[in-house]
Amino acid sequence: KSLLKYKLDKNLLFITFKEQVNIDILNQNTQKYINVNLKPFMGVTLSKGTVCNLNFPKNSLIMQLETDDINFDVEKK
C-alpha cells in the first residue's frame with residue numbers, strides 16, 4: 001500500500017513490527033525527498049505538517065500513534 005504526498009495533520013509516532021517500510025520525507029527547503037527505511041521494530045516520529053510518501057508491503061504490521069498539540073505546563077507557578 002502507498003500513501004503519496006500525505007500531509008500529517010497531527011504529530012505521529014510510526015513503528016513497524018513486520019516487513020520493511022519506506023518513508024520519503026519532503027525537505028521543505030530543497031523540495032527533495034529524503035528516504036528513510038524502517039526495519040522491523042524500528043520507528044520514527046514525524047511532526048505535524050510533514051509531507052511524506054509512505055510505502056509498506058501488504059503483509060506489514062505497523063502501529064501509528066497520533067497526538068494533538070496540547071501544551072502541558074508542568075511547572076508550578
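Bear in mind that the values here come from a model prediction, so they are computed numbers and not experimental data.
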Rounding to 0.5 Å, atoms CE (M63) and CD1 (I15) come to a distance of 3.5 Å

Heavy-atom nearest pair, T67 first then K10, reads O-CB, 3.5 Å

When every non-hydrogen atom of P57 is compared with those of E19, the smallest separation belongs to CG-CB, 3.8 Å

Identify whether Y6 and L46 are in the same connected component of the hydrophobic contact network (ILVMFWY, side-chain heavy atoms under 4.5 Å). yes

With the side chain counted from C-beta on, respond yes when K5 and N53 share a heavy-atom pair under 4.5 Å apart, and no when they do not. yes

Over 60° means perpendicular and under 30° means parallel, so tell me whether F14 and F56 are parallel, tilted or perpendicular. tilted

Would you say L12 ends up clustered with I25 if hydrophobic residues are merged whenever their side chains have heavy atoms under 4.5 Å apart, either directly or through other cluster members? yes

Find out whether L26 and Q28 are in side-chain contact, i.e. whether some heavy atom of one side chain is under 4.5 Å from a heavy atom of the other. yes

Non-hydrogen side-chain atoms of K48 and L8 separated by less than 4.5 Å: no

What's the spacing between N37 CG and M42 CE if we round to 0.5 Å? 8.5 Å

Return the CG to CG distance between N55 and L38, rounded to the nearest 0.5 Å. 11.5 Å

So if I apply the side chain to side chain contact (heavy atoms under 4.5 Å, CB included) rule between V44 and each of T16, I23, L13, which one comes out positive? I23

How long is the span from the CG atom in N35 to the CG atom in N22, to the nearest 0.5 Å? 5.5 Å

